[in-house]
Amino acid sequence: MDITTESAGLAFTDAATYADREQLHRGLALLRKESPVHWVDAPGFRPFWALTRHSDIMDVERDHQRFVNEPRPILGPKVVEEEIARMAAAGAGVRSLVHVDGEEHRSLRAIGAGWFRPRAMRHMEEQIRELARRYVGRMADLGGECDFVEEISLNFPLYVIMHLLGVPESDFPIMLMLTQQVFGNADQDKSRDAASPESIVAAFQEIFGYFAKLTADRRSNPTDDLASAVANARVDGEYLSEQHTLSYYLILATAGHDTTSAALAGGVQALADHPAELQRLKADPALMPTAVDEIIRWVTPVTSFMRTAVEDCTIREVGIREGDGLLLSYPSANRDEDVFAEPFRFDVGRTPNKHLSFGFGVHYCLGAALAKMEIGIFLSELLPRLAGLEVAGEPVLTQTHFVGGLKRLPIRYELSR
Ligand code: HEM
């Protein structure tokens, strides 16, 4: 089918396009070339500008006073955005780091920032390595064939983040189900009732209920986990409001899970699809840091975030009006020919690698160091034992507008004991 800038623009609102990477990237390449600041007016969505060039996305993220996150940080169908706006007007709903700007954002971010600095993450290293060994051991137990998503990549990052939050292991399965309902909501397989606002609101409410109990517990019995830090944080001498506290847990539990799962599974698929790169990394483990960044560029688990212009302005001579929404297309930025030499080549030694998978600027991913550590440690436990790896069936991608990656990755492998 011929792609036009119009059909490529409509693809941002079509969850199915994100499950077909070839078609997605053909459209994004066309937009970068012919309409890098593109107006999208799709049925069922409020209109917005789609930005597809790396430099434009960086400029917008850098200019965080002119382009703000509130009130529309994430693209959703109009009915979902309206429901969220109604809840916000009533003082309810989610008010996490990604929903706020300015001083409110700065003070909330400071609470978690210390926990996620690379140096502070070092104390997590042994715990994560232990979990990674457990999961590589599980691959060995499965006898050389498994669905890598179902058995490994869905669970390992969830365990890491739940440990960090101090959630007991017996509650992990319910958290897994709820976070998938919130994030994978456009996919029939994963939600109670695909894309219905009620199903998303119901999943949010269950997560909120769970975390309300956690807060009460940590306030009466403080520990040294991240949940305690959030529950007992004070801004201007006061505890965070209930809305801020619960939103904080929610963003940590959800943002730290599906994203890293998607990167890990996509990374294993990329290594299986590029045996020479897999051999190169096995032969030279010092390449692990560049390999991890390349995997995160290659997969780009987050499809986009949004900003709203607070005044009239121009981008590439296109007039943007106050109140217009701007979609930042990270998969497009990460294949931008002006920034990446041979962007469609998977290169475990790629340097420099200025990918935007973690965003940029004041909202830059808080968990970037943790995510990289998890993927690096898992692969450094897996690779020395791996004698063979191949994709053994059709990999299937989640249908989503937001965070997504593989929902099935059948693999065949040989692991030494
Ligand atoms: C490969 C894995 C991950 C990817 C691709 C990813 C991607 C992103 C992106 C694109 C943003 C928005 C940045 C922007 O607006 O400029 C973000 C924000 C955020 N991420 Fe991640 N993320 C990952 C893993 C994690 C992990 C493991 C955590 C922590 C548990 C985490 C926590 C957060 C938080 C709290 C924010 C909000 C930051 C803010 O608004 O100040 N992420 N992430």
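Start at 1 and go down the list; that is how both ligands and their atoms are numbered.
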Exercise: do [X] and [Y] side chains pair donor with acceptor under 3.5 Å:
X	Y	result
Ser357	Asn334	yes
Ser228	Thr223	yes
His64	His363	no

[X] versus [Y], closest heavy-atom pair with distance:
X	Y	result
Ala309	Leu326	N-CD1, 4.3 Å
Thr13	Leu10	OG1-O, 2.8 Å
Glu151	Asn155	O-ND2, 3.5 Å
Arg66	Cys313	NH1-CB, 3.5 Å
Leu328	Ile57	CB-CG2, 3.9 Å
Arg297	Thr300	O-OG1, 2.6 Å

Can you pull out the closest protein heavy atom to [atom]? Residue, atom name and distance to 0.1 Å, please.
atom	value
atom 16 (O) of ligand 1	Glu61 OE1, 2.4 Å
atom 34 (C) of ligand 1	Leu366 CB, 3.8 Å
atom 37 (C) of ligand 1	Val98 CG1, 3.6 Å
atom 40 (O) of ligand 1	His363 ND1, 2.7 Å
atom 27 (C) of ligand 1	Gly256 CA, 3.5 Å
atom 25 (C) of ligand 1	Ala255 O, 3.4 Å
atom 42 (N) of ligand 1	Cys365 SG, 3.0 Å
atom 23 (C) of ligand 1	Thr259 OG1, 3.4 Å

> Should the pair Phe156 and Phe378 be assigned to parallel (<30°), tilted (30 to 60°) or perpendicular (>60°) ring geometry?
Replying inline: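 If you compare the ring of Phe156 with that of Phe378, the planes turn out tilted.
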
>> Over 60° means perpendicular and under 30° means parallel, so tell me whether Phe172 and Tyr159 are parallel, tilted or perpendicular.
In response: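 The rings of Phe172 and Tyr159 stand perpendicular, inter-plane angle above 60°.
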
Ligand 1 versus [X]: contacting region, heavy-atom distance under 4.0 Å:
X	answer
Pro301	side chain
Phe116	side chain
Arg109	side chain
Asn69	neither
Phe305	side chain

>> Does the Lys NZ or Arg CZ of Arg335 fall within the cation-pi geometry relative to Trp298 - under 6.0 Å from the ring centre and within 45° of the axis?
In response: yes

[X]-ligand 1 polar pair, N/O distance under 3.5 Å:
X	answer
Arg307	yes
His105	yes
Gly359	no

Under 4.0 Å to a heavy atom of [X] - the qualifying atoms of ligand 1, by number:
X	result
Val302	7 (C)
Tyr330	10 (C), 14 (C), 15 (O), 16 (O)
Ala371	1 (C), 2 (C), 24 (C)
Leu252	30 (C)

>> Minimum distance, heavy atoms only, to atom 31 (C) of ligand 1: which one of Ala369, Gly367, Ser261, Ser304 is it?
In response: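 Minimum heavy-atom distance to atom 31 (C) of ligand 1 goes to Gly367.
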
> For atom 1 (C) of ligand 1, which candidate among Phe360, Phe358, Trp115, Tyr248 provides the closest heavy atom?
Replying inline: Phe358

> Rounded to the nearest 0.5 Å, how far apart are CZ of Phe67 and OG1 of Thr308?
Replying inline: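 That separation rounds to 10.5 Å.
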
>> Quick one: does any side-chain atom of His163 pair with a main-chain N or O of Val160 as donor and acceptor, under 3.5 Å?
In response: no

> Any non-hydrogen atom of Ser357 lying under 4.0 Å from ligand 1?
Replying inline: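 Distance cut 4.0 Å: Ser357 passes for ligand 1.
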
